[in-house]
Visitor: 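Sharing a structure here in structure tokens format.
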Amino acid sequence: MTPPSRAVIIFCKVNGIDYTERKVDISQREHLTPAFAEINPMKQLPAIVDGNFKLFESHSILIYLACAFPGVADHWYPADHFKRSKIHSVLYWHHSNLCRAADTYVTNTTILPRLAIHRINKQLMKLRNFSSHLCQR
């Protein structure tokens, strides 16, 4: 469900790269398991396994896919080092700017409010339990 994971999947589909998708439920913290850490020690998505080769970070994965699989058009990752450098500059800018801004937005508008609601609900339950205990006296 993460945008970087979707980018990898879309790239595979567009370029006819055969893959098997394995969903990792981040809400259940599956990315933090020892089994997933063997694939990605940073415990983040996306990550791929190609034979015995394991790789993480969407941009690294996309570059690998563009280079390792025959039939991927040259425009995705050109052999010309000048064109390739332009692609690198966009990829690095993306990680340094767009991803950070998106992470901040999602954290502040989705994740933190849900955590706050969860904490508030826990406190309300404690208060209800306490007040019902007082009423029974």
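Values below: every heavy atom of this structure, side chains too, minus hydrogens, waters and symmetry copies. Counting from 1, the numbers follow the sequence of the chain as shown.
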Visitor: OG of Ser85 to CG of Asp80: how many Å apart, nearest 0.5 Å?
Guide: 8.5 Å

Visitor: Hey, is CD1 on Ile39 packed in by over 12 heavy atoms from elsewhere, all under 6.0 Å?
Guide: yes

Visitor: Is the shortest heavy-atom distance from the side chain of Trp76 to the side chain of Ile87 under 4.5 Å?
Guide: no

Visitor: Is it true that, when you exclude Phe82 itself, more than 12 heavy atoms of the residues, nucleotides or ligands shown sit nearer than 6.0 Å to its CZ?
Guide: no

Visitor: Taking side chain as C-beta onward, heavy atoms only, is Ile63 less than 4.5 Å from Cys67?
Guide: yes

Visitor: Rounded at 0.5 Å granularity, tell me how far CG in Leu65 sits from OG in Ser58.
Guide: 11.0 Å

Visitor: Please examine the side chains of Phe11 and Val72, heavy atoms only from C-beta on, and report whether any two atoms are closer than 4.5 Å.
Guide: yes

Visitor: Leu62 versus Tyr77: any side-chain heavy-atom pair under 4.5 Å?
Guide: no

Visitor: Taking the side chain as every heavy atom from C-beta outward, state whether Phe69 and Cys12 have any atom pair closer than 4.5 Å.
Guide: no

Visitor: Working to the nearest 0.5 angstrom, can you tell me the gap between Lys13 NZ and Tyr19 OH?
Guide: 4.0 Å

Visitor: Examine Met42 and Leu32 and state if one hydrophobic cluster contains both, with Ile, Leu, Val, Met, Phe, Trp and Tyr joined whenever side-chain heavy atoms are less than 4.5 Å apart.
Guide: no

Visitor: With rounding to the nearest 0.5 angstrom, report the CZ to CG distance, Phe36 to Leu45.
Guide: 4.5 Å

Visitor: Does Lys23 have any salt bridge (charged side-chain N to carboxylate O under 4.0 Å, His left out) partners at least two apart in sequence or in another chain, and if so, which?
Guide: Glu21

Visitor: Let me check something: do Ile9 and Val49 share a hydrophobic cluster, defined by ILVMFWY side-chain heavy atoms less than 4.5 Å apart, either directly or through other members?
Guide: no

Visitor: Does atom CZ of Arg84 have more than 12 heavy-atom neighbours, drawn from other residues, nucleotides or ligands, at distances under 6.0 Å?
Guide: yes

Visitor: Any chain of hydrophobic side-chain contacts (each under 4.5 Å) joining Leu55 to Ile10?
Guide: yes

Visitor: Could you note down all residue pairs passing side-chain hydrogen bond (donor to acceptor under 3.5 Å, both in side chains) where residues 26-49 supplies at least one of them, sequence neighbours left out?
Guide: Asp25-Ser27

Visitor: Please report the interatomic distance OG(Ser5) to CD1(Ile26), rounded to the nearest 0.5 Å.
Guide: 8.0 Å

Visitor: Under a 3.5 Å distance rule, please check whether Asp74 uses its side chain to pair with a backbone N or O of Ala79 as donor and acceptor.
Guide: yes

Visitor: If a pair satisfies side-chain hydrogen bond (donor to acceptor under 3.5 Å, both in side chains) and one of its residues is in residues 46-57, list it, with sequence neighbours excluded.
Guide: Asp50-Tyr64, Glu57-His95

